[in-house]
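Note: hydrogens, waters and symmetry copies are ignored here, and every other heavy atom, side chains too, is used. This is a predicted model, so every value here is computed, not measured. A note on names: the letters A, B, ... follow the listed sequences, proteins ahead of strands, and every chain is numbered from 1.
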2 protein chains.
Amino acid sequence: MSTSVANAARSGSAGFSMPWLESAEITLSGPVLNFVAERRIFAEGDEARSYYKVISGVVRTCQFLSDGRRQIDAFYLPGDVFGFEPRPTHRLSAEAVSNCTVIAYRRRGPDTISAGDDRMVRHFFSYAMACLEQSRLHCLLLGRGSAAQKIAAFLLEMADRGDAPTIVDLPMSRQDVADYLGLTIETVSRTLSQMERDGTIALPTTRKVILRQRRVLEDLNA
Amino acid sequence: MSTSVANAARSGSAGFSMPWLESAEITLSGPVLNFVAERRIFAEGDEARSYYKVISGVVRTCQFLSDGRRQIDAFYLPGDVFGFEPRPTHRLSAEAVSNCTVIAYRRRGPDTISAGDDRMVRHFFSYAMACLEQSRLHCLLLGRGSAAQKIAAFLLEMADRGDAPTIVDLPMSRQDVADYLGLTIETVSRTLSQMERDGTIALPTTRKVILRQRRVLEDLNA
DNA sequence: CGTCTCCTTGAATTAGATCAATATGTGTGG
DNA sequence: CCACACATATTGATCTAATTCAAGGAGACG
């Protein structure tokens with residue numbers, strides 16, 4: 001249960017919905033794949049032949065520096081789509097953060113997205129734009145934010161993407177958070193502890209955060 | 001000569017070439033506009049009604065933090081296209097770094113890009129993907145790079161985009177470089193000075209850099 | 001030749017990293 | 001259920017890279 005990449009291989013069909021976009025929903029079908037935590041879905045340099053939709057669990061995409069340090073680009077929660085890249089090979093790698101199920105939509109042959117049908121192109125275009133916007137915000141945070149600003153923005157982002165507005169369930173480790181925010185694990189831990197001491201948040205367990213004073217977090221950034 | 005935004009208003013025609021893309025060239029026509037250094041082309045929140053191609057000079061796009069700190073997203077050199085955004089209003093602002101001429105292609109009415117013709121959509125899709133890739137690399141640099149790594153990557157990027165492989169003309173100020181790399185002006189200056197002392201680069205003037213040992217710069221990152 | 005802006009350099013400070021030591025889980029097998 | 005091992009987190013004590021504060025220089029331009 002802890003090592004092999006299970007491939008259910010059950011050919012299913014699912015709506016490729018992307019609720020954060022205004023574009024029409026597109027239905028794609030493809031095999032359902034299961035991955036377990038820390039397992040590679042695709043690696044940098046792999047041929048980019050599928051797009052993926054997260055059904056359950058969480059996925060991260062990341063890049064590596066030569067010295068082994070890692071920058072996480074994004075976390076994908078159930079409903080999110082990832083695996084999109086402009087070139088025939090992946091520039092990012094994708095890994096399961098927790099046990100997860102994804103649907104893979106395999107591109108036919110070596111065609112690129114821009115050779116797909118028109119409706120698809122428009123849909124993917126919107127998606128790419130949304131990614132771009134997110135990436136730019138990430139740049140702003142990485143380039144100019146203090147540790148507290150980064151953590152605050154991260155907590156608010158996770159809260160907005162989750163169900164409850166003040167209860168954040170962190171599916172990823174402190175190391176993942178650190179690599180997403182360009183910090184070290186110790187700084188992440190210390191900053192969270194400090195916020196708890198200040199009464200801004202509560203940490204009932206390591207993976208659960210309660211936003212006690214959302215306003216304070218919001219004020220840190222804008 | 002130093003304040004007004006001259007608008008030549010001469011309706012011209014020019015190839016919208018994007019040499020870093022493999023997609024077909026698209027010809028657009030629009031008014032030719034001239035901007036002088038430090039002048040706003042569009043601001044965050046402005047209605048996004050045009051795309052722009054740089055004819056001469058350099059443009060920067062940037063975001064601001066509430067405390068006034070700035071993150072420069074990209075520099076656009078002659079031939080580059082910018083001004084593209086997913087939403088009806090700009091999330092970035094664009095300013096002339098030096099005196100520059102841009103061609104504006106005005107979108108007709110309130111239509112979005114995805115309502116344009118198909119060829120255009122494919123073209124813009126490729127462009128958006130290229131932007132995304134660049135933004136992700138920028139994130140890696142901002143999140144995980146040391147000052148020296150950032151400066152080295154920047155110099156190599158500028159060298160690759162310029163004409164001569166070892167002579168880099170910097171059209172922007174040290175402050176601009178700092179805001180692009182998430183550093184302070186002093187750190188940029190010190191790092192460049194140190195590289196000159198090490199014999200890695202030469203600085204004949206403040207705006208000109210000669211790469212004496214390209215290899216050393218390359219080794220800093222990957 | 002003075003003024004203004006941009007750049008460089010130095011000294012002091014600090015936020016965050018690094019190094020090191022617990023602590024808190026979390027799962028396993030007895 | 002407990003005892004152990006192993007993962008992951010927290011906390012503390014330094015250290016350091018980069019920032020901040022503070023002068024000076026070097027060009028550009030009238």
Does [X] reach the main-chain N or O of [Y] with its side chain, forming a donor-acceptor pair under 3.5 Å?
X       : Y       : result
R207(A) : P171(A) : yes
Q63(B)  : L92(B)  : no
S66(A)  : N221(B) : yes
Q71(B)  : D179(B) : yes
S189(A) : I185(A) : no
R144(B) : L183(A) : yes

Provide the start and end nucleotides, 5' to 3', of the part of DNA chain C that has atoms under 4.0 Å from heavy atoms of chain B.
->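 Footprint of chain B along DNA chain C, 5' to 3': dC7(C) to dA11(C).
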
Among residues at least two apart in sequence or on other chains, which ones pass salt bridge (Lys or Arg N to Asp or Glu O under 4.0 Å) with [X]?
X       : value
E157(A) : R161(A)
R136(B) : none
E44(A)  : none
R212(B) : none

Would you tabulate the pairs of protein nitrogen or oxygen atoms and nucleotide nitrogen or oxygen atoms of nucleotides 23-30 of chain D closer than 3.5 angstrom?
none

Ring pair (Phe, Tyr, Trp, His ring centres under 6.0 Å) partners for F75(A), two or more places apart |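 Applying ring pair (Phe, Tyr, Trp, His ring centres under 6.0 Å) to F75(A) gives Y180(A).
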
Output all residues satisfying ring pair (Phe, Tyr, Trp, His ring centres under 6.0 Å) with F82(A), sequence neighbours left out; order by chain, then residue number.
->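 Once residues adjacent in sequence are excluded, the partners of F82(A) under the ring pair (Phe, Tyr, Trp, His ring centres under 6.0 Å) criterion are Y52(A), Y76(A).
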
Minimum heavy-atom distance P165(A)-A159(A), with the two atoms named |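 For P165(A) versus A159(A), the nearest heavy atoms are O-CB, 3.7 Å.
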
Taking all non-hydrogen atoms of both residues into account, name the closest pair between V58(B) and C100(B) and its distance.
->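 Of all heavy-atom pairs spanning V58(B) and C100(B), the closest is N-CB, 3.8 Å.
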
For nucleotides 15-18 of chain D, list the nitrogen or oxygen atoms of the protein found under 3.5 Å from its nitrogen or oxygen atoms, one pair per line.
residue : atom : partner : partner atom : Å
dA18(D) : OP1  : A147(B) : N            : 2.8

Test V97(A) against V59(A) for side-chain contact (heavy atoms from CB on, under 4.5 Å), laying out the working first.
-> CA-CA 5 Å; V97(A) 169; V59(A) 172; 5.8 Å; no

Nearest whole angstrom, please: distance from the C1' of dA22(D) to the CD of E186(B).
->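 Nearest whole value for this atom pair: 10 Å.
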
Value in whole Å for how far the P atom of dT8(D) lies from CG of D176(A) |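 The distance from CG of D176(A) to P of dT8(D) comes to 10 Å, rounded to the nearest Å.
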
In which stems does DNA chain D show up, taking only runs of three or more Watson-Crick or G-U wobble pairs whose two distances fall under 3.5 Å?
->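 Consecutive-pair runs (3 or more) involving DNA chain D: C:1-23 with D:8-30, C:25-30 with D:1-6.
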
Could you tell me whether the side chain of I55(B) reaches within less than 4.5 Å of the side chain of I103(B), counting heavy atoms only?
->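 Yes. Closest side-chain heavy atoms under 4.5 Å.
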
Syn or anti: how is dA20(C) classified when any glycosidic angle within 90° of 0 counts as syn?
->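 That one's anti.
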
Please lay out, stage by stage, how D198(A) and Q213(A) fare under the test side-chain contact (heavy atoms from CB on, under 4.5 Å).
-> CA-CA 10 Å; D198(A) 297 344; Q213(A) 299 171 258; over 6 Å; no

For DNA chain D, the residues among residues 188-207 of chain B that have a non-hydrogen atom under 4.0 Å from it |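 Listed by number, they are R190(B).
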
Tell me which residues in residues 62-76 of chain B put a heavy atom below 4.0 Å from DNA chain D, sorted by number, or none.
->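 Hits under 4.0 Å, by residue number: none.
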
For R69(B) and L140(A), run side-chain contact (heavy atoms from CB on, under 4.5 Å): C-alpha distance rounded to whole Å, both residues' side-chain angles, the deciding distance at 0.1 Å, then the answer.
-> CA-CA 10 Å; R69(B) 287 190 299 171; L140(A) 180 60; over 6 Å; no

